[in-house]
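To keep things clear, I will list the structure first and then write my remarks on it.
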Amino acid sequence: MNDKIKKRIDELIEILNKASKEYYVLDNPTITDQEYDDYYSELLRLEEAYPSLKREDSPTLRVGGEAISKFEKVTHKTPMLSFDDIFNEEEIIAFDERIKKTIKNPTYTVEPKMDGLSGSLIYEKGILVRVATRGDGVVGENITANGKTIKSIPLRLNKDIDIEVRGEIYMSKSSFAKANKERELNKEPLFANPRNAAAGSVRQLDSKITAKRNLDFMAYFIPNPRDYGIKTQEESLKFLKELGFVTNYKLNTVADTAKEIIKDIEKLASIRKELPYEIDGVVLKVNNLDDEEKLGTTARVPRWGIAYKFPAEEVLTTLKEIKFTVGRTGKITPNAIFSPVHVAGSLISKATLHNEDYCLAKDIRVGDTISIRKAGDVIPEVVRVITERRNGTEKKFKMIENCPICNSRIIRKETESDYYCPNNMCPARKIENIIHFASRDAMNIDGMGESVIEDLYNEGFITNITDIYDIDKYQEELINLEGYGKKKIENLKIATEKSKSNSLEKLLFGLGIRNVGAKTAKILAKNYKTLDNLMNATLEELTSINDIGEIIAKSIIDYFKDEENIKIINKLKELGINMNYINNSGYEEKDEFKGKTFVLTGTLINITRDKASEIIENLGGKVSSSVSSKTSVVIVGASPGSKYDKALELGIPIWKEEEFINKIEK
Ligand code: IVH
């Protein structure tokens with residue numbers, strides 16, 4: 001009877017292990033999930049009824065077994081070393097050069113660097129008998145029960161041999177997403193990344209938990225390859241695949257030169273995002289095992305290989321300060337100021353913490369170790385707080401009660417998550433004015449963007465728009481500010497100098513007169529030619545200009561009545577800022593256009609609509625989009641639409657394209 005049962009158990013294990021390999025290793029299932037489940041249940045029933053017949057390579061072990069109280073320590077037969085890390089092309093070239101000093105024509109395997117944790121698997125007569133973590137490289141932990149739950153670790157090999165295999169235990173991106181979704185539902189802290197998730201899962205005392213986490217294994221190394229007649233790393237990888245392991249055979253390559261290595265790395269970097277698992281770099285190994293032996297190992301690391309790491313996308317740093325800033329609208333924003341770190345290729349030291357709720361939810365404290373990432377590879381953000389690194393000296397977050405600029409009590413409306421400074425005269429508004437003054441459509445001062453102006457303002461170098469032009473006075477102090485090198489300061493000086501010769505409309509718009517947008521500024525500049533003329537204009541004069549209504553006119557008059565504004569204008573004059581309209585269009589106003597309203601319709605052949613509109617404006621005209629009794633002329637291109645009909649109907653003069661071109665010719 002027992003023989004019969006044993007035979008059936010053997011049959012079932014064979015079917016299930018084969019199916020599992022086809023599914024997980026070969027990516028080519030031949031039986032349905034239902035069939036698998038049926039065989040599995042049958043095996044489970046038999047094992048329960050006849051426990052003495054349960055085999056060590058039974059797939060029922062994959063679900064995990066009894067929890068243990070602690071992991072047993074194990075000493076690795078061969079130390080589990082890891083490679084030195086390098087970060088750029090020069091170091092790759094230097095590595096190749098170094099190898100070439102010992103080896104004549106080396107070739108290298110170029111393998112994706114799996115981002116998980118290394119594991120050692122020991123098979124006896126083809127049966128998995130031990131799974132261990134790397135530990136300190138000499139002594140690791142026995143995690144056999146957990147390892148058996150990893151479906152891509154074969155419980156039995158295709159050859160009945162004794163062998164140690166090393167590789168990476170990792171969590172795929174999809175399993176990671178699933179695990180975190182579940183944790184979110186259970187209100188448990190989320191895993192920061194798949195590597196942490198894998199490390200946490202593999203060290204569970206209850207292997208049933210590990211089983212649920214759906215880990216994977218990628219084989220990449222045999223410590224004693226010569227025992228199997230292997231002569232190269234390439235052959236090792238092939239042998240591992242033959243034994244039934246998942247290897248990265250589609251992505252691993254062999255390269256002869258540093259140039260080829262770099263090309264292979266670039267290729268891997270370009271497909272990195274599409275891979276189903278995380279890789280954090282590329283591992284380079286001298287291919288020939290004789291060469292490997294010649295190169296040997298230093299006290300710490302093998303000389304025959306190296307790990308190239310992709311630029312870090314998430315790094316740890318210390319939160320030095322939470323600095324509150326007041327934005328253009330008076331909005332108060334807490335900002336994390338941390339020890340500068342390189343993230344995805346740039347050095348950063350500041351990230352927004354958005355608002356009070358955000359800080360409280362993260363429980364972020366000054367002194368905390370925090371991890372920083374560049375969201376969408378552009379804006380830096382605090383991903384998480386590493387609470388395990390706290391030592392008790394960290395300072396809890398507390399929202400400020402008063403505006404850090406003007407000290408007014410800040411307010412938060414019930415429906416909003418942001419606090420605001422209610423003071424319209426808050427100097428923070430001054431920052432807003434300066435930012436506007438330097439912006440593209442205004443004085444167009446290159447490099448003088450929001451953050452630079454905020455820095456200059458916060459450091460006390462500037463308090464109003466005229467201070468922008470005094471860089472000479474504060475440049476020596478500015479150079480001590482982080483992020484302000486000589487070159488940057490020089491460029492700022494060049495840009496501010498250049499802005500001094502802008503035409504009047506840019507200055508007018510930059511002054512920030514209420515209701516005077518870029519278009520109105522242009523009309524005013526063209527009509528008054530100099531700022532002095534405009535300052536002397538009366539309400540009547542202003543409103544007599546087409547497009548200048550009473551509201552705009554009043555704003556202009558009010559603006560020039562304010563003594564503070566006059567002081568600023570006088571200072572700008574002193575600084576040598578141009579106050580005149582400069583017609584640099586190459587066109588002079590013409591009577592046929594001056595003060596008239598034009599409408600364009602149909603397809604223009606010899607000129608674009610934008611260019612035609614610009615020229616009309618330069619000649620003193622105005623362009624409108626619809627035809628009315630106020631329209632002076634309709635310019636008609638090919639296949640005109642209803643505007644043409646309307647012009648005919650209203651008896652408005654019509655110019656054909658050629659006629660228009662003739663008239664604009666100088
Ligand atoms: S070979 C002597 N191959 O990256 C080192 N390691 O330092 C033998 N890793 O700790 C390891 N992918 O955990 C090797 N294809 C790969 C790898 C790889 C990831 C990890 C491994 C090791 C570190 C390299």
Side-chain angles (χ1 to χ4, degrees), residues 76-87 91-92 95 99 108-121 131-141 143 147 150 152-153 164-172 193-199 202-203 215-225 230 232-241 245-255 261 264-265 267-269 271-272 275-289 291-293 295-310 312:
H76 297 296
K77 280 189 206 154
T78 327
M80 274 185 94
L81 299 179
S82 59
F83 292 129
D84 257 346
D85 291 336
I86 54 171
F87 301 91
E91 287 175 308
I92 294 169
F95 168 70
I99 299 290
Y108 307 95
T109 59
V110 181
E111 306 171 28
K113 185 172 182 305
M114 302 297 298
D115 198 7
L117 61 147
S118 44
S120 146
L121 316 179
V131 182
T133 61
R134 178 172 177 274
D136 61 7
V138 178
V139 176
E141 284 176 324
I143 53 155
I150 301 173
S152 37
I153 291 182
E164 179 180 357
V165 169
R166 292 183 185 168
E168 203 83 347
I169 299 170
Y170 67 95
M171 190 182 272
S172 69
N193 52 46
R195 177 171 21 89
N196 287 8
V202 106
R203 295 196 73 263
L215 297 172
D216 270 294
F217 182 81
M218 180 79 77
Y220 50 61
F221 189 63
I222 302 171
N224 299 305
I230 292 168
T232 62
Q233 165 65 8
E234 213 182 341
E235 281 173 28
S236 278
L237 292 166
K238 208 166 137 237
F239 188 63
L240 286 168
K241 187 162 183 292
F245 287 98
V246 180
T247 62
N248 239 330
Y249 70 97
K250 283 187 188 153
L251 300 178
N252 294 331
T253 54
V254 176
I261 293 175
D264 289 349
I265 290 181
K267 219 182 206 162
L268 283 173
I271 58 159
R272 180 182 179 191
L275 294 176
Y277 43 76
E278 296 285 352
I279 61 172
D280 62 337
V282 172
V283 173
L284 307 174
K285 297 171 195 164
V286 166
N287 196 12
N288 190 309
L289 299 183
D291 294 345
E292 180 191 306
E293 211 165 78
L295 289 157
T297 299
T298 69
R300 209 172 37 85
V301 288
R303 288 198 194 89
W304 47 268
I306 208 136
Y308 165 83
K309 299 256 276 203
F310 292 134

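Atoms within each ligand, like the ligands themselves, are counted from 1 in listed order.
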I need the contact residues for ligand 1: any residue with a non-hydrogen atom closer than 4.0 Å to the ligand, ordered by chain then number.
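Lining ligand 1: L81, S82, F83, E111, P112, K113, M114, S118, E168, Y220, V283, K285, P302.
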Does a donor on one side chain sit under 3.5 Å from an acceptor on the other, for [X] and [Y]?
X	Y	value
E111	Q233	yes
D264	Y108	no
Y220	E168	yes
D216	S172	no

How far apart are the closest heavy atoms of T247 and A219, and which atoms are they?
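Minimum heavy-atom contact is CG2-O, 3.7 Å.
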Got a salt bridge between E278 and R195, using NZ or NE/NH1/NH2 to carboxylate O under 4.0 Å?
no
